[in-house]
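See structure below.
First the proteins, then the strands, lettered A, B, ... as listed; each starts at 1. In this text, all values refer to a predicted model and were calculated from it rather than measured experimentally.
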Amino acid sequence: MSRRDKRPEDKKPAAATGAAETALVQGTAPAAADTAAPQTPSAPRRDRREKKDGGGLAALLTGPERPYVLRLTVTLFGISAAAALLLGIVYCITKPVIDWRTEEKTKAAMAMVLEAEEYPKVEGLTLPDGVTALHEATDGGVTVGYVCEVSSNGFGGAMSLVVGVDLDGRVTGVSVIKHSETKNIGTKVVMSSKVLSRFIGLESPVTLNGGINRFDGVTGATFSSKGVTAAVNAALTAVDAVLS
Amino acid sequence: MNVGKQIKEGLWSQNPVLVQLLGMCSTLAITTSFSNGLGMGVSVTIILTLSNVIISLLRKIIPDKIRIAAYIVVIATFVTMVDLLLQAYLPDIAESLGVFIPLIVVNCVILARAEAFASKNRVLPAAIDGLCQGLGYTLVLLVMSVIREFLGNGTFGAGLLNGGEGYKVFSSDYSALMMVMPVGGFLTLGVLIALMQWVQGRSAGKGGK
Amino acid sequence: MLVILYAVLILGALGGLFGLVLAVASKIFEVKKDPRIGEVLSTLPGANCGGCGFAGCAACAEAIVAGRAPVNACPVCSGAQTTHIAAIMGVDVTAAERRVAFVRCAGGTRANRKFHYIGLPDCAAALKVGGTGPLSCAYGCLGFGSCMKVCTFGAIHINQYGVAQVNPDKCTDCRRCMAVCPQKVIVEVPYNADIMVNCSSKDRGAVARSNCAFSCITCRLCEKNCASGAVTIADNIAVIDYTKCTSCGTCAAKCPRKVIRDIHADGKVMPVVAG
Amino acid sequence: MDWTKLLSIALGAILINNFIFAQFLGICPFMGVSKKMDTALGMGFAVTFVMGLASAICYFINLLLVRLGLEFMQTVAFILVIAALVQFVEMFLQKMMPALYEALGVYLPLITTNCAVLGAALLNVQNKYSFIESVVYGVTGGLGFLLAIVLFASIRERLYMVAEPPKCFRGFPIALITAGLMALAFGGFSGLQVF
């Protein structure tokens with residue numbers, strides 16, 4: 001049977017296609033029996049030469065394998081470098097636009113919270129944790145109030161807000177720039193101006209669902225409400241420190 | 001290299017999500033609103049086509065041992081470029097897609113197509129394959145986002161149509177919030193694949209013996 | 001612009017370093033692999049769909065090269081791809097005769113039962129009860145359809161007699177049913193073989209007769225009447241050597257128990273035993 | 001080294017925001033490998049190992065990137081590390097533990113495209129974790145993956161052997177729906193606030 005000899009290292013006994021059904025009737029499905037018998041060359045017969053060679057790392061770098069090793073390293077180096085170059089260029093092009101846009105966004109948020117012309121940053125202050133920046137809201141040079149950039153943890157993770165506080169320490173407005181609250185639960189607190197406007201007029205310390213400066217959170221979104229309240233309190237403490 | 005076959009394959013018989021079950025991380029997570037689904041679908045299609053082209057160009061140069069590492073670097077570069085461009089020029093889409101843009105890099109669709117197809121064919125078929133698979137992927141994403149958004153939010157076309165709010169079909173108090181959460185993703189995709197197998201079963205049944 | 005320089009330097013260095021590490025590692029951890037596996041793997045579609053019954057194309061390529069799987073193991077491969085693989089393996093596809101699975105049992109509802117089994121509808125589970133399962137014949141098909149669940153091509157079904165039956169046209173010889181059948185009743189036979197022994201019982205004639213209405217009682221009539229000497233009795237069961245069998249059908253006519261049958265008698269695959 | 005924070009990270013990664021059921025990362029291999037229990041276990045341990053190591057290495061690389069102001073390069077650098085690591089593990093397993101290598105088969109290279117691994121590295125950076133915290137997060141994230149995939153594989157094996165879903169639901173659809181129900185169950189942990 002020509003086909004049978006052509007199949008090299010075929011160790012299956014009498015498994016040529018035309019084999020009598022005898023071979024098959026024993027009921028042992030050929031696949032099952034086969035996987036047991038190892039087909040690949042047996043491992044213990046590893047000759048000594050291969051072990052000596054594998055050991056020397058330096059031998060590898062200078063030995064016959066050199067072009068292969070070199071080719072691999074250079075290709076990956078080339079691809080990564082080209083990728084980095086491309087990325088760097090795109091980054092430089094888009095960097096100013098992104099910065100301008102984020103700047104624009106925070107300015108818009110601040111305007112919503114406290115009407116003023118510009119918001120120079122106040123430097124050199126020990127800010128309570130969570131408050132990332134403190135801006136003075138000036139109207140033609142006269143400070144009208146302060147605006148704080150605050151970040152705190154809500155339900156889904158970090159969120160960053162902007163809190164406006166007037167000169168006598170009352171909240172003038174709260175707006176959320178970035179959040180990762182779940183839709184329809186957390187967003188009911190974070191994205192609805194109606195809920196956030198409940199903060200207006202409150203003084204520190206703002207307490208959730210109780211106390212004189214009371215902020216009623218949204219049922220079912222306790223974590224988000226807590227997160228926002230904590231941020232507002234941090235802003236108020238920061239501004240009070242500046243006012244006093 | 002007939003385009004018709006590739007298109008049919010990409011959209012139906014070899015649909016990356018429904019048949020090969022690739023790219024499911026983003027499919028399940030993103031499809032909560034129409035604009036998300038569309039934004040993700042389009043960006044994946046662009047990246048898939050571009051990376052398929054580059055990878056089929058480089059296929060002779062890249063040795064086998066660092067095949068995966070090289071492909072991943074190419075894909076990651078395109079993803080970061082798209083990410084930066086989106087943040088610069090289309091901020092609202094970048095905002096809603098959030099953490100899922102960098103995860104397009106590990107989106108199995110792209111690497112699988114690169115490994116299975118692009119590294120074995122010339123540039124043009126690879127590009128067409130990228131486009132078809134991308135379209136198939138976007139189609140599934142859109143179908144899923146419509147279903148999930150409708151059931152979970154009571155609106156249609158949020159983020160895009162009528163100023164981002166979408167048309168309110170029924171007020172969101174009666175919406176099944178579960179559909180917007182991970183659970184809904186699994187269920188919708190499961191039912192979709194079952195529907196597809198049912199259709200294939202019937203057509204095979206009719207066309208079969 | 002400095003940013004770009006830094007970026008290129010850092011990522012370039014990282015890429016180079018990993019290239020080096022991987023190159024060295026690939027040399028140190030080199031496992032001698034048959035070069036043909038790579039060739040076969042590049043011809044396979046690479047979709048890792050699992051249709052061939054192996055965990056992905058790499059496993060299928062290794063099985064083909066090691067001879068464990070037929071050259072046309074990959075159902076998704078186009079004709080050209082299969083012939084290319086056959087060329088690599090030095091086998092021409094036409095010679096590799098198409099083979100299909102066949103269930104060597106006809107008892108089912110007509111086999112006597114030791115007890116009425118109510119439990120997991122699964123052959124492996126049923127077989128565990130009472131040592132040899134509900135059937136009095138320890139070799140028969142239990143008919144709970146484990147093979148049916150495994151077959152991705154819908155080629156095997158439980159027929160009206162409660163026995164698994166293969167539709168040879170749909171069967172792609174992926175051997176998954178053979179692997180899963182606890183009774184090992186499903187075997188591989190040439191596609192165009194007609195005469196089949198529909199029993200696997202190795203009990204002596206008298207015992208087999210009491211176990212099932214359609215069992216081989218080793219009366220040796222088929223062996224005596226076979227002109228080409230294709231049928232022999234081995235291990236208390238009739239066995240057909242398909243290299244010699246001329247499908248003349250005398251054994252099927254002579255068999256008193258109707259165990260040997262020509263399954264293509266009237267053009268279509270008949271239910272295993274027509275009453 | 002305050003232990004409460006580490007414990008809260010660990011508990012969070014395994015139960016509260018489990019990578020599969022809550023954060024939705026790494027579903028492709030999760031679906032692909034969970035047909036049999038042994039491959040699921042092998043995959044789970046391999047992912048835990050790679051995630052732990054990747055988080056460690058990515059921490060240092062991130063230090064370098066931040067100092068040079070290359071934050072935008074994070075994704076590319078991290079994924080390069082992970083791809084090289086997986087390739088290295090693949091070669092190592094192929095030589096030292098052929099049995100596990102055979103069992104994992106095609107799913108070992110798939111770890112590179114496993115969103116969980118890159119997700120862990122990126123989240124480490126986002127949450128500004130220290131070195132110890134990122135390694136703990138990586139390893140426990142992997143354990144969360146292992147827990148999810150082992151539970152799922154056990155259900156899926158019974159499902160495959162015994163359950164009789166309608167014809168068109170067989171295979172992946174029923175598995176997806178089971179995963180959905182498990183996600184619902186894991187949702188229960190989401191309210192748990194640790195320390």
Side-chain angles (χ1 to χ4, degrees), chain C residues 2-33 41 44 46-50 54-63 66 119-126 144-146 148-152 154 157 180 182, chain D residues 28 32-33 35-36 38-39 42-43 57-58 60-61 64-65 67-98 101-110 157-165 167 170-172:
Chain C
L2 210 55
V3 173
I4 302 184
L5 185 67
Y6 279 145
V8 171
L9 274 180
I10 294 264
L11 205 66
L14 261 177
L17 178 72
F18 286 124
L20 187 69
V21 165
L22 289 183
V24 167
S26 74
K27 275 303 150 213
I28 294 176
F29 293 129
E30 182 131 34
V31 170
K32 292 287 170 293
K33 262 168 91 176
L41 187 57
L44 291 174
N48 301 331
C49 65
F54 294 98
C57 295
C60 179
E62 268 153 38
L120 288 180
D122 173 74
C123 300
F144 286 106
S146 298
M148 197 161 68
K149 287 202 190 78
V150 163
C151 181
T152 50
H157 297 281
V180 85
Chain D
C28 309
V33 180
K35 285 206 177 66
K36 286 203 299 297
D38 44 18
T39 42
M43 182 70 168
I57 300 174
C58 289
F60 292 114
I61 290 185
L64 201 62
L65 291 183
R67 203 141 37 74
L68 294 169
L70 300 171
E71 280 78 5
F72 66 96
M73 294 279 295
Q74 267 169 3
T75 328
V76 186
F78 286 175
I79 200 66
L80 182 62
V81 167
I82 294 172
L85 201 63
V86 169
Q87 191 81 24
F88 186 82
V89 165
E90 186 182 351
M91 289 182 209
F92 178 80
L93 277 187
Q94 198 168 10
K95 182 75 176 180
M96 296 304 165
M97 288 184 263
Y101 178 76
E102 282 310 319
L104 282 181
V106 79
Y107 292 106
L108 198 55
L110 270 190
E157 260 180 9
R158 281 193 65 78
L159 205 65
Y160 188 76
M161 196 171 71
V162 165
E164 293 291 338
K167 183 91 182 59
R170 202 153 290 166
F172 280 119

### Message
Check this for me: C:Tyr6, atom OH, are more than 12 non-hydrogen atoms of other residues, nucleotides or ligands nearer than 6.0 Å?
### Response
no
### Message
If I compare all heavy atoms of D:Arg158 with all of C:Leu120, which pair ends up nearest, and what's the gap?
### Response
NH2-CD2, 4.3 Å
### Message
Show the nearest heavy-atom pair for residues C:Leu14 and D:Ala77, with the distance to one decimal.
### Response
CD1-CB, 4.1 Å
### Task
Might you point out which heavy atoms bring C:Leu22 and D:Met91 nearest each other, and give the distance in Å?
O-CE, 3.8 Å
### Query
Any side-chain heavy atom of D:Met73 sitting closer than 4.5 Å to one from C:Ile10?
no
### Message
If I measure from the heavy atoms of chain C, does D:Phe92 come under 4.5 Å with its side chain, its backbone, both, or neither?
### Response
both
### Proximal component of D:Leu65, with respect to chain C [non-hydrogen, under 4.5 Å]
side chain
### Message
If I measure from the heavy atoms of chain D, does C:Val180 come under 4.5 Å with its side chain, its backbone, both, or neither?
### Response
neither
